[in-house]
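Here's the structure we're looking at; comments come further down.
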2 protein chains.
Amino acid sequence: MTINQMISEDEVALMHHYICEGIGDAKRLRLLYLVAEQPRNVTELTELLDVTQPTVSHHLRILRERGLVNAERDGTSIYYTLGDPRILEAMNILRSFVADKTQEA
Amino acid sequence: MTINQMISEDEVALMHHYICEGIGDAKRLRLLYLVAEQPRNVTELTELLDVTQPTVSHHLRILRERGLVNAERDGTSIYYTLGDPRILEAMNILRSFVADKTQEA
DNA sequence: TTTATATATTGATAAGTGTCTATATAGAAT
DNA sequence: ATTCTATATAGACACTTATCAATATATAAA
């Protein structure tokens with residue numbers, strides 16, 4: 001059970017930077033789920049995402065800078081993986097919340 | 001343990017709407033933590049947030065429309081509470097991730 | 001050293017949104 | 001009814017950012 005200690009304004013700012021700005025876009029959320037399934041390179045991710053390659057690289061940079069994904073080069077390709085299992089863990093909790101919300105209607 | 005089943009594009013869109021748009025702002029993240037501590041009315045939240053009352057109401061509306069907070073009237077005041085414990089649960093997991101990241105330096 | 005492929009960066013633009021002031025609405029009290 | 005307090009809404013503006021086309025960089029192969 002996690003402790004609910006009062007959070008400081010500074011810590012909120014950090015969380016905003018790492019998390020809110022990190023997953024604050026639908027494409028990036030999708031990217032996180034895709035690289036959580038298996039390592040994927042930029043070309044694969046571009047084919048799956050319906051945006052241009054520079055846009056994918058842009059999103060990956062944002063995720064990478066925050067440690068939400070890791071990048072590893074293999075030849076000319078760069079394979080991306082999930083940066084931390086807690087990311088998926090938290091997303092799945094939120095996913096179950098959303099699932100309940102949308103079937104409340 | 002949560003199951004990591006492939007997520008559809010539609011589900012990503014829903015998650016983006018409920019979660020990313022919901023917590024995609026530092027003030028709203030702060031609001032969620034504040035109402036998680038205890039029920040608070042708009043006046044209290046305004047004093048704690050360093051923005052105007054209409055701005056607080058604006059953020060609360062976004063949170064309320066997504067079920068991230070609940071609103072209950074008591075006289076002229078309206079008290080806000082956390083909409084679902086899973087919100088805090090997920091936030092705390094992400095909080096621990098951010099804590100680790102920021103002390104890696 | 002070219003050539004080809006994969007990824008990243010730059011600069012521009014359009015769309016979205018957080019914030020404010022001003023105003024409206026709702027409930028309680030006189 | 002009027003006044004007061006609490007909250008919500010409307011409209012405007014500044015700022016951010018997602019996206020694209022064009023270009024640069026990096027690795028591998030010929």
Side-chain angles (χ1 to χ4, degrees), chain A residues 9 12-35 38-81 83, chain B residues 9 12-35 38-81 83:
Chain A
E9 204 152 354
V12 167
L14 282 172
M15 284 194 65
H16 176 252
H17 177 258
Y18 277 88
I19 304 300
C20 304
E21 287 182 358
I23 69 171
D25 176 273
K27 303 289 184 186
R28 288 201 287 275
L29 190 63
R30 188 103 196 287
L31 283 172
L32 287 174
Y33 271 110
L34 286 173
V35 302
Q38 58 182 275
R40 299 189 196 265
N41 63 35
V42 181
T43 300
E44 291 169 341
L45 293 171
T46 299
E47 288 164 356
L48 291 165
L49 227 62
D50 198 38
V51 284
T52 64
Q53 175 267 313
T55 298
V56 172
S57 283
H58 165 72
H59 287 309
L60 288 172
R61 191 233 273 246
I62 291 173
L63 295 173
R64 181 168 16 95
E65 285 174 347
R66 288 160 177 79
L68 296 170
V69 299
N70 291 322
E72 189 179 359
R73 181 179 283 276
D74 177 19
T76 55
S77 296
I78 296 184
Y79 280 83
Y80 282 87
T81 54
Chain B
E9 204 153 353
V12 167
L14 283 172
M15 283 193 66
H16 176 252
H17 177 257
Y18 276 89
I19 304 300
C20 303
E21 287 182 358
I23 68 171
D25 177 273
K27 303 289 184 186
R28 288 201 289 275
L29 191 62
R30 187 104 196 286
L31 283 172
L32 287 174
Y33 272 109
L34 287 172
V35 302
Q38 59 182 275
R40 297 188 195 267
N41 64 34
V42 181
T43 300
E44 291 169 342
L45 293 171
T46 299
E47 288 165 356
L48 291 165
L49 227 61
D50 198 37
V51 284
T52 64
Q53 174 268 312
T55 297
V56 172
S57 284
H58 165 74
H59 287 309
L60 288 172
R61 192 233 273 246
I62 291 173
L63 296 173
R64 182 170 12 97
E65 286 175 346
R66 288 161 176 77
L68 296 170
V69 299
N70 291 323
E72 189 179 359
R73 182 179 281 278
D74 177 17
T76 56
S77 295
I78 297 184
Y79 280 83
Y80 283 86
T81 54

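First the proteins, then the strands, lettered A, B, ... as listed; each starts at 1.
The phosphate of C:dC20 (OP1 or OP2) has a side-chain N or O of B:Thr52 nearer than 4.0 angstrom. Taking only side-chain nitrogens and oxygens, A:Ser57 comes nearer than 4.0 Å to OP1 or OP2 of C:dA8.
Spacing between atom CD of A:Gln53 and atom C1' of D:dA22 amounts to 12 Å, rounded to whole angstrom units. Per the geometry, NE2 belonging to B:His59 stands 15 Å off C1' belonging to D:dT9, to the nearest Å. The NE2-P distance, from B:His58 to C:dG16, rounds to 14 Å in whole Å. Note: NE2 (B:His17) to P (C:dG16) measures 13 Å, nearest angstrom. Between the CG atom of B:Asp25 and the P atom of D:dC15 there is a distance of 17 Å, rounded to whole Å. Between the P atom of C:dT5 and the CD atom of A:Glu44 lies a distance of 17 Å, rounded to the nearest Å. B:Leu49 has its CG atom 10 Å from the P atom of C:dC20, to the nearest Å. Atom CD in A:Glu72 sits roughly 13 Å away from atom P in C:dT7 (whole-Å rounding).
In this structure, the nucleotide among D:dT19, C:dT19, D:dT27 sitting nearest to the side chain of A:Thr55 is D:dT19. In the set C:dA28, C:dT7, C:dT10, C:dT10 carries the atom at the smallest distance from any side-chain atom of A:Arg61. In the set D:dA8, D:dA10, C:dT19, the nucleotide with an atom closest to the side chain of B:Tyr80 is D:dA8. Nearest to the side-chain atoms of A:Val42 among the listed nucleotides D:dA6, C:dT7, D:dT19 stands C:dT7. Distance from the side chain of A:Ser77 is smallest to C:dA6 among C:dT19, D:dT7, C:dA6. The side chain of A:Arg64 approaches C:dA8 more closely than any other nucleotide in the set C:dA8, D:dT7, D:dA18. In this structure, the nucleotide among C:dT9, C:dA6, D:dT7 sitting nearest to the side chain of A:Thr43 is C:dA6. Out of D:dA10, C:dG27, D:dA18, the shortest distance to the side chain of B:Pro54 is found at D:dA10.
Taking the nucleotide of DNA chain D with the nearest heavy atom to each of A:Arg73 and A:Lys27, the more 5' of the two is matched to A:Lys27.
Only one option out of A:Arg64, A:Arg40, A:Glu44 pairs with A:Tyr80 in a side-chain hydrogen bond (donor to acceptor under 3.5 Å, both in side chains); it is A:Arg64.
The structure places CD1 of B:Ile19 at 12.5 Å from CD1 of A:Ile19, a figure rounded to the nearest 0.5 Å. Rounded to the nearest 0.5 Å, atoms CG (B:Leu63) and CZ (B:Arg61) are 12.0 Å apart.
A:Tyr79 and A:Arg73 form no side-chain donor-acceptor contact under 3.5 Å, judged by distance and modelled atom types alone. The closest side-chain donor-acceptor pair between A:Thr43 and A:Glu47, if any, does not fall under 3.5 angstrom.
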